[in-house]
There are 2 protein chains.
Amino acid sequence: MHYPALSGRTYFNYGGQGVLAQATLEAIATGFAEVEARGSFSHANNTWFAQEIAQTKQVMAEELGVSADSLTLTENTTMGCNIALWSIDWQQGDRLLISDCEHPGVVAITRELSRRYGVVVDVLPLLQLASQPTDDQTLLQVISDYLHHKTRMLCISHVVWNTGQILPLKAIAELCHPQNILVTVDAAQSAGVLPLNLTDLGIDFYAFTAHKWWCAPLGVGGLYINPAIADQVHPTYIGWRGLEGKSLGAKFEVATSAYPLYRAFRVAIATANQWGNQAERYRHLCQQAQTLWQELQYTPYINCYNPEPPQCGLVFLSVAGKSAPELSRHLEAHANICIRAMPHPPCLRASIHYLTTANDLDNLLTALRQL
Amino acid sequence: MHYPALSGRTYFNYGGQGVLAQATLEAIATGFAEVEARGSFSHANNTWFAQEIAQTKQVMAEELGVSADSLTLTENTTMGCNIALWSIDWQQGDRLLISDCEHPGVVAITRELSRRYGVVVDVLPLLQLASQPTDDQTLLQVISDYLHHKTRMLCISHVVWNTGQILPLKAIAELCHPQNILVTVDAAQSAGVLPLNLTDLGIDFYAFTAHKWWCAPLGVGGLYINPAIADQVHPTYIGWRGLEGKSLGAKFEVATSAYPLYRAFRVAIATANQWGNQAERYRHLCQQAQTLWQELQYTPYINCYNPEPPQCGLVFLSVAGKSAPELSRHLEAHANICIRAMPHPPCLRASIHYLTTANDLDNLLTALRQL
């Protein structure tokens, strides 16, 4: 399978945006062209759009281990987080727990909830725990310590975007649910990485995007809503699609989207599954990430932030005496290596995918050693 | 200019979805391909995405007679209506006035505002006024009668989707503003039809989509927010794009979108402007719509609902003894004519565009007369 972005380039930004297979790119072009051929706003297309939505949710559902009815199609992860965070009837003095490693976009939502409804936002100190190996029991105890009798929701990442920690969601849900606390998960760095069975995890909301690790087009994402909480949640932004939709997930959709991108998403998933199943992709990705981690341990002047061999695709590093933003620009301009700089902690983040090759790792290590 | 959807087809559904020029289709394909060629998540693309957003707002701004800073990019009209309707701090007992001709998606938003905040929704009887010629003074008096000292917002269409009425927005804004009432406009059937200068109209929110009359891709729309109300309004759904954006409009954007569609939008606008400027396009569209209207007056068994020669692209008709939904399906299946059935009043809606030809009108009239 050909990925045009990988031609002559060493790519480590899957956590920002994936790369499209040639087949996925072609599906975008043919999808839009076929909508025109079927007559744009026509009965033929109305039938097709409905089938596209249904088939796309079915494919997402299979990847996530949930029912298609529990899925809302969105533009991106943050849209899903918004739907979740605005879905309950917040009262003055209610509390919302987030970690200090949540994405700035999610933090912005919690600030607006605070301004508008008087919600008190508590902040879990996850960053300090990431600097050393931390067992799940310790983590659960810290979360438990931060829960308050007025806490109504915990909003947390599955894979933390700036540390690579994987949070034990099943145990977290089991801790929160007896206290009537909903668990909202930012899955930007986990969907398309970890083998997933959301039904088993038992969390309430799981907001993901398809354009990162799944290598699908920009503008396609989704939200899983646990059917058990159907009576507790309401859409905020709403529209004709939410009215027409009979399923729980459809109620949270709004209006017209770029439907041809949905088929391209399915092509991206089919392409991934041709490479290997979820478990195989995850195993290979971990092997590659651990190889890099191992090499970094023996490389002088390079600091690796992951305290243990990574169990996800994110490896964090810095080079002594070099600013990460400048280094990121330098590597792209002079070595065709795409690797992003993180704001906090200030370092480089290498996103390792199952598409990452031994040659890619060599290129990065060679470039870093030549600095 | 070639429009694939118009090949061998008579098309009257611009009010549902426009048709893409071949150049617009090609811009979608090349846009996504170029993102890959530039390295997906790369410094090169980050610069390009920012330029795309800025250039796209500039083109929209020129079409609408506003500053680019006052524009929010959205997925569709309803998203813009949601942003507007959720943007103020509604209090229990506040009132919101909508007309009885607003789109079901907009009505759904007002119901949720009512459920969540105790907003009282008043309904202006616009439908009965549409059955006969109504002067602006009469209309303004009816609106004035429905305003209450607790009314905080009027939400109304510029061109009414199920009657084709054009509302005098400037006079409506002048009526509402002294009473501290914001005016939110659903522009689904006016953007790309009427020559527009929103600054002159003075309304507060103008929510539009590009995929209908502007013949741009599915998934691109926008919202104009009057800079005069910047201090009164807040984003509800929010994300990193809203945080990074320095302009009023950008604050209401959320996160990653299918950016290559923005360039395709600009190609669609450039294609339209090659045909003629806004005034020329509007004049031709009105001529075609009035020609159809005139013919329908002399056609037995056909009822035309527009009481006067249309000043927009929408012509409403029914055929004695025929159900509109069945007729719509029949015309698509047997005559390759795309014309939609409306739920209320039950009739067919012919959307007449500047691309509509005399031959298109002949095809429709011939098919209707042969029934």
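In what follows, chains are A, B, ... by sequence order, proteins preceding strands, each numbered from 1.
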Chemist: Is chain B contacted by the side chain of Leu20(A), its backbone, both, or neither, given a heavy-atom distance below 4.5 Å?
Modeler: both
Chemist: Quick one: what part of Val35(A) sits under 4.5 Å from any heavy atom of chain B, side chain, backbone, both or neither?
Modeler: side chain
Chemist: What part of Ala37(A) lies closer than 4.5 angstrom to a heavy atom of chain B: side chain, backbone, both or neither?
Modeler: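 It is the backbone, since no side chain atom gets that close.
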Chemist: Of the backbone (N, CA, C, O) and the side chain (C-beta and beyond), which part of Ile28(B) lies under 4.5 Å from a heavy atom of chain A, both, or neither?
Modeler: side chain
Chemist: May I ask you to decide if the ring planes of Tyr117(A) and Tyr117(B) are parallel, tilted or perpendicular, using 30° and 60° as cut-offs?
Modeler: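 Ring orientation, 0 to 90° scale: parallel.
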Chemist: Any heavy-atom pair between the side chains of Ile53(B) and Arg241(B) that's under 4.5 Å?
Modeler: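 Side-chain contact under 4.5 Å: yes.
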Chemist: Which value, rounded to the nearest 0.5 Å, describes the distance between Leu261(A) atom CG and Leu73(A) atom CG?
Modeler: 11.5 Å
Chemist: Using heavy atoms and a sub-4.5 Å threshold, report which of residues 329-337 of chain A line up against chain B, by residue number.
Modeler: Arg329(A), Glu332(A)
Chemist: Between Gly239(B), Ala44(B), Ser42(B), which shows the greatest number of heavy-atom pairs under 4.5 Å with chain A?
Modeler: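 Of the candidates given, the most pairs with chain A belong to Ser42(B).
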Chemist: Would you say Phe252(B) and His234(B) make side-chain contact, with heavy atoms under 4.5 Å?
Modeler: no
Chemist: Please classify the contact between Pro260(A) and chain B as side chain, backbone, both or neither, with a heavy-atom cut-off of under 4.5 Å.
Modeler: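 For Pro260(A), the side chain is the part near chain B, not the backbone.
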Chemist: If you take all heavy atoms of Thr110(B) and Val107(B), which pair is closest and at what distance?
Modeler: OG1-O, 2.7 Å
Chemist: Do Cys81(A) and His103(A) come within less than 4.5 Å of each other through their side chains, counting heavy atoms only?
Modeler: no
Chemist: Which residue out of Gly39(A), Ala29(A), Gly18(A), Pro235(A) racks up the most heavy-atom pairs below 4.5 Å with chain B?
Modeler: Gly39(A)
Chemist: Given the options Val106(B), Asn45(B), Ile109(B), which has more heavy-atom pairs under 4.5 Å with chain A than any of the others?
Modeler: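 Result: the option with the highest number of such pairs is Ile109(B).
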Chemist: As an exercise: rank Ala33(A), Gly105(A), Ser7(A), Ser257(A) by heavy-atom pairs under 4.5 Å with chain B and give me the winner.
Modeler: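 Among Ala33(A), Gly105(A), Ser7(A), Ser257(A), the one with the most close pairs to chain B is Ser257(A).
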Chemist: Ser328(B) versus chain A, heavy atoms under 4.5 Å apart: side chain, backbone, both or neither?
Modeler: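 Both parts, backbone and side chain.
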Chemist: Where along residues 9-16 of chain B does a heavy atom come under 4.5 Å of chain A, listed by residue number?
Modeler: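 Residues of residues 9-16 of chain B touching chain A at under 4.5 Å: Arg9(B), Tyr11(B), Asn13(B), Gly16(B).
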Chemist: Counting C-beta onward and ignoring hydrogens, is there a side-chain heavy-atom pair between Trp161(A) and Arg349(A) closer than 4.5 Å?
Modeler: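 Side-chain contact under 4.5 Å: yes.
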Chemist: So which atom in Ala264(A) and which in Ala27(A) form the shortest heavy-atom distance, rounded to 0.1 Å?
Modeler: CA-CB, 3.8 Å
Chemist: Hey, could you give me the NE2/CG distance between His353(A) and Leu6(A), rounded to the nearest 0.5 Å?
Modeler: 9.5 Å
Chemist: Are there residues of residues 83-92 of chain B whose heavy atoms fall under 4.5 Å of chain A's heavy atoms? If so, which?
Modeler: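 Ile83(B), Trp86(B) fall under the 4.5 Å cut-off.
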Chemist: Has Thr356(B) got a side-chain atom pairing as donor or acceptor with Ile352(B)'s backbone, closer than 3.5 angstrom?
Modeler: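 No, the answer is negative, given that no donor and acceptor are paired below the 3.5 Å cut-off.
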Chemist: Would you indicate whether the side-chain heavy atoms of Thr24(B) and Pro217(B) approach each other to under 4.5 Å?
Modeler: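 Heavy-atom side-chain distance check passes, below 4.5 Å.
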Chemist: Nearest 0.5 Å please: distance from the CG atom of Leu218(A) over to the OG1 atom of Thr256(B).
Modeler: 7.0 Å
Chemist: What part of Thr30(A) gets within 4.5 angstrom of chain B, counting heavy atoms only: side chain, backbone, both, or neither?
Modeler: neither
Chemist: Between Ile238(A) and chain B, which part of the residue has a heavy atom less than 4.5 Å away: side chain, backbone, both or neither?
Modeler: both
Chemist: Do side-chain atoms of Thr77(A) reach the backbone of Thr209(A) as a donor and acceptor pair under 3.5 angstrom?
Modeler: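 Yes, because the side chain of Thr77(A) sits within donor-acceptor range (under 3.5 Å) of the backbone of Thr209(A).
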Chemist: For Ser351(B) and Leu314(B), which heavy atoms make the closest approach, and how far apart are they?
Modeler: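 Smallest interatomic distance, heavy atoms only, reads OG-CD2, 3.7 Å.
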Chemist: Is a donor on one side and an acceptor on the other found under 3.5 Å between the side chain of Asn82(A) and the backbone of Thr78(A)?
Modeler: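 The answer is yes, because a donor-acceptor pair under 3.5 Å joins these two groups.
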Chemist: Could you check which of Phe32(A), Tyr259(A), Tyr3(A), Tyr237(A) has the highest count of heavy-atom pairs closer than 4.5 Å to chain B?
Modeler: Tyr237(A)
Chemist: Looking at every heavy atom in both Ser114(A) and Val121(A), which two are closest together, and how far apart are they?
Modeler: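 In this case the closest contact between Ser114(A) and Val121(A) is CB-CG2, 4.3 Å.
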Chemist: Who passes side chain to side chain contact (heavy atoms under 4.5 Å, CB included) against Pro4(B), sequence neighbours left out?
Modeler: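 For Pro4(B) the side chain to side chain contact (heavy atoms under 4.5 Å, CB included) partners, ignoring immediate neighbours, are Glu36(A), His2(B), Gln22(B), Leu25(B).
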Chemist: If you count heavy-atom pairs under 4.5 Å between each of Arg116(A), Glu112(A), His211(A) and chain B, which one has the most?
Modeler: Arg116(A)
Chemist: Under 3.5 Å, side chain of Glu253(B) to main-chain N/O of Thr74(B), donor-acceptor pair present?
Modeler: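 Absent.
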Chemist: Out of Gly221(A), Gly219(A), Gly8(A), Ser40(A), which one racks up the most heavy-atom pairs below 4.5 Å with chain B?
Modeler: Ser40(A)
Chemist: Can you tell me which portion of Arg340(A) sits under 4.5 Å from chain B's heavy atoms? Options are side chain, backbone, both or neither.
Modeler: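 For Arg340(A), the contact with chain B is made by the side chain alone.
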Chemist: Of the backbone (N, CA, C, O) and the side chain (C-beta and beyond), which part of Thr236(A) lies under 4.5 Å from a heavy atom of chain B, both, or neither?
Modeler: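 Both the backbone and the side chain of Thr236(A) come within 4.5 Å of chain B.
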Chemist: Determine, stepwise, if the pair Glu34(B) / Trp48(B) fulfils side chain to side chain donor-acceptor pair (under 3.5 Å).
Modeler: CA-CA 10 Å; Glu34(B) 287 175 16; Trp48(B) 186 79; 5.2 Å; no
